[in-house]
There are 2 protein chains.
Amino acid sequence: MSSTVAKALTLLDHFSENEPEIGLSDLARRSGLDKATVHRMLSVMADAGLVEQRHDTKLYRLGAGILRLARIREKAFPFASVLQPELDLLAQETGETAHASLISGRALATVGICESSKANRVSLVVGEVLPFHATASGIATLAFGTEELSARVLTGPLDGKTSFTLTDPGRLNALIETARRTGFGETDQTNEIDVYGIAAPYFDKTGFACGAVAVATPSHRMTEALRDKIVDAVLRTAQVITSGTGGTQPAGYPETVRKTLSSLPDGSA
Amino acid sequence: MSSTVAKALTLLDHFSENEPEIGLSDLARRSGLDKATVHRMLSVMADAGLVEQRHDTKLYRLGAGILRLARIREKAFPFASVLQPELDLLAQETGETAHASLISGRALATVGICESSKANRVSLVVGEVLPFHATASGIATLAFGTEELSARVLTGPLDGKTSFTLTDPGRLNALIETARRTGFGETDQTNEIDVYGIAAPYFDKTGFACGAVAVATPSHRMTEALRDKIVDAVLRTAQVITSGTGGTQPAGYPETVRKTLSSLPDGSA
DNA sequence: AACTACTGTTGACAATAATGAACCAGAGGG
DNA sequence: CCCTCTGGTTCATTATTGTCAACAGTAGTT
């Protein structure tokens, strides 16, 4: 059940902004694999350019081949580039940290960030992978993604990231249903303590969500007014991104949102 | 000698700017692997986010995980970002197409391009991999790279890309030696017909070349004067990139270059 | 200097995971 | 209706892989 390529590729996940270079033994320890195994894997990945080894410290880091592949993808399907300006705008408009992500395997990959200019802000590490079930972006994406995706997530393991994380498939599905009605995902401290997230999905050409744009604020700062402002801005940004990347909204999406939105402040139909 | 991960990763090389989406059977044919094998590999790579499958056409393409990894690398070791402005400047200054590459496994990965504004110009495909032995960038990199790198290239296969390609290790080594003296690499139509290349290496922290910046011009347009101008500009750009990316030039590099350069136009010592 | 505790690297054998031919189901085309 | 594509799946065979041990080099300590 554990293919060797899968094991090799999980090695890449141990590299992060905070830890861009890792030694062989260290990497073996974390991945739970044998030193020799990791060594062989890294060698062939270095050969392919996915990683590279500094010849002085012997440490490994992500390689130049990744940049090359990213350029190819970005040239063929521009996303990060068309996304960033909208993200900057969203952050400025709301005064809070904005970020965007895309479905990447069994999780969300953060592909764009613009941090708030406030001193007290939510700070995100570049390239972090976000679990579907514990983030507003994940909920928003699941709500409007393919049936197969949500099924896979709901049947998979639901790690408790904080004490607020929904680890029960039933309750998680209820939250997804809510998002499906309102048009956006909303979570409070389910992934990290004191972080409140509001996210709206954007769509690919087939009308399924391929990711979400979100605004993250310190939980204690969240008010009814700020929430409404963010929901509005996030939904608008998502729509811009959808059309900007050649996606199409599914039938009835904007209408549903509008209706639900207008009912939010006072609860009237 | 053929590890499964290596085979899996070579699948990624079939994606290009011109062909960003590939079907299963097609990919199996090109890679020479079995359909079932390719399918399994793509499945696990999709799971890791390296590739993704469109649910309508079933075609595969490079995934969002690549963008994520690229962001991590770029955040930790900014290269493409610091490189691009210099590249733009170089292209404008010389009036020809400029590009930059980094060592990526057994080849060079193109990580930056700025095309000439002239109608008749050298056009490059994004994300192309450049063979060391057939490009000016490769020669420049080999000349100032680690001994181990040039040894690996010289003992490896030397495919004839054009009729001008040096496929003999001895003659190739002579060309590298020349570059080691002059400080830059120079090739004429060794990789593509009617393309003349001049490249200068930039260095990492340890003083070894980690890539090269190059200017490519239509061969017939090359003159003595243009050549001198390009050599000068390329060398200067490379130095800027070296220092801009935290690299250090090896002892004696600039001096050697200066001396050789001044001897170029008229041949005096 | 010797000892320790690391590191990255290499080799050999047992065990596991990859392989590839055959097969299924569906979509077009003639 | 047949033929030929496509993506996807199954399963016995076999080769690749994981494991473990030993090796070499380095840094810190006694």
Side-chain angles (χ1 to χ4, degrees), chain A residues 1-12 14-15 19-48 50-63 105 146-149 151-152 204-206 208, chain B residues 1-12 14-15 19-48 50-63 105-106 146-149 151-152 155 204-206 208:
Chain A
M1 194 50 193
S2 58
S3 77
T4 42
V5 282
K7 275 179 277 189
L9 294 181
T10 56
L11 292 180
L12 297 177
H14 293 91
F15 295 92
E19 202 152 12
E21 294 185 326
I22 310 182
L24 173 61
S25 299
D26 201 1
L27 201 48
R29 246 191 312 274
R30 295 181 199 218
S31 59
L33 301 173
D34 193 84
K35 254 196 314 183
T37 305
V38 174
H39 179 62
R40 245 203 324 237
M41 288 172 171
L42 286 176
S43 294
V44 352
M45 289 205 285
D47 221 54
L50 284 200
V51 300
E52 58 193 23
Q53 186 179 28
R54 294 186 46 163
H55 30 264
D56 50 351
T57 61
K58 301 287 184 182
L59 297 178
Y60 290 88
R61 63 176 178 190
L62 296 176
T146 64
E147 188 58 44
E148 182 248 339
L149 175 66
R152 209 172 56 194
D204 59 17
K205 206 155 196 154
T206 67
F208 288 104
Chain B
M1 195 50 195
S2 59
S3 78
T4 42
V5 282
K7 276 178 278 189
L9 294 181
T10 56
L11 293 180
L12 297 177
H14 293 92
F15 296 93
E19 202 152 12
E21 294 185 326
I22 310 181
L24 173 61
S25 299
D26 201 0
L27 200 46
R29 246 190 314 273
R30 294 181 200 218
S31 60
L33 300 173
D34 193 85
K35 251 193 318 182
T37 306
V38 173
H39 177 59
R40 208 158 23 80
M41 287 172 171
L42 286 176
S43 294
V44 353
M45 288 205 286
D47 220 55
L50 283 200
V51 300
E52 58 193 22
Q53 186 179 27
R54 294 186 47 164
H55 31 262
D56 50 350
T57 61
K58 301 287 184 183
L59 297 178
Y60 292 88
R61 64 176 178 188
L62 297 176
R106 349 187 121 271
T146 65
E147 189 58 44
E148 181 248 339
L149 175 65
R152 209 172 56 194
T155 58
D204 59 17
K205 206 155 197 152
T206 66
F208 288 104

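Because only heavy atoms are used, hydrogens play no part in the values below, and waters and symmetry mates are left out as well, while side chains stay in. Chain letters run A, B, ... following the sequence lines, proteins first and then strands; every chain starts at 1.
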Whole Å only: how far is the [atom1] atom of [X] from the [atom2] atom of [N]?
| X | N | atom1 | atom2 | value |
| --- | --- | --- | --- | --- |
| A:D56 | C:dG8 | CG | P | 13 Å |
| A:H55 | D:dG25 | NE2 | C1' | 18 Å |
| B:L33 | C:dT19 | CG | C1' | 10 Å |
| A:M41 | C:dT10 | CE | P | 17 Å |
| B:L9 | C:dA18 | CG | C1' | 15 Å |
| B:D34 | C:dA22 | CG | P | 11 Å |

Distances under 3.5 Å between nitrogen or oxygen atoms of protein and nucleotides 25-30 of chain C:
none

Given side chains that start at C-beta, do those of [X] and [Y] come closer than 4.5 Å, heavy atoms only?
| X | Y | result |
| --- | --- | --- |
| A:E148 | A:R152 | yes |
| B:I22 | B:R61 | no |
| B:L12 | B:M45 | yes |
| B:E147 | B:F208 | no |
| B:Q53 | B:L59 | no |
| A:V38 | A:S31 | yes |

inquiry  = Quick check on D:dT17: is either OP1 or OP2 less than 4.0 Å from any side-chain nitrogen or oxygen of A:R40?
reply    = no

query = For C:dA17, does OP1 or OP2 lie under 4.0 Å from any side-chain N or O of B:T4?
reply = no

note = In short, salt bridge (Lys or Arg N to Asp or Glu O under 4.0 Å) pairs touching residues 31-48 of chain B with sequence neighbours left out are A:R106-B:D47

key: Carboxylate-amine/guanidinium contact A:E19 A:R30, below 4.0 Å   = yes

request  = Could you tell me whether A:T37 contacts a base, only the sugar-phosphate backbone, or nothing, with contacts defined as non-hydrogen atoms closer than 4.0 Å?
outcome  = base

query = Do A:T206 and B:H55 meet the criterion of a side-chain donor-acceptor pair at a distance under 3.5 Å?
reply = yes

Listed pairs, N/O of protein and of nucleotides 4-7 of chain D, under 3.5 Å:
{"unit_1": "D:dT6", "atom_1": "OP1", "unit_2": "B:R29", "atom_2": "NH2", "d": "3.1"}
{"unit_1": "D:dG7", "atom_1": "OP1", "unit_2": "B:L24", "atom_2": "N", "d": "2.7"}
{"unit_1": "D:dG7", "atom_1": "OP2", "unit_2": "B:S25", "atom_2": "N", "d": "2.6"}
{"unit_1": "D:dG7", "atom_1": "OP2", "unit_2": "B:S25", "atom_2": "OG", "d": "2.3"}
{"unit_1": "D:dG7", "atom_1": "O6", "unit_2": "B:K35", "atom_2": "NZ", "d": "3.4"}

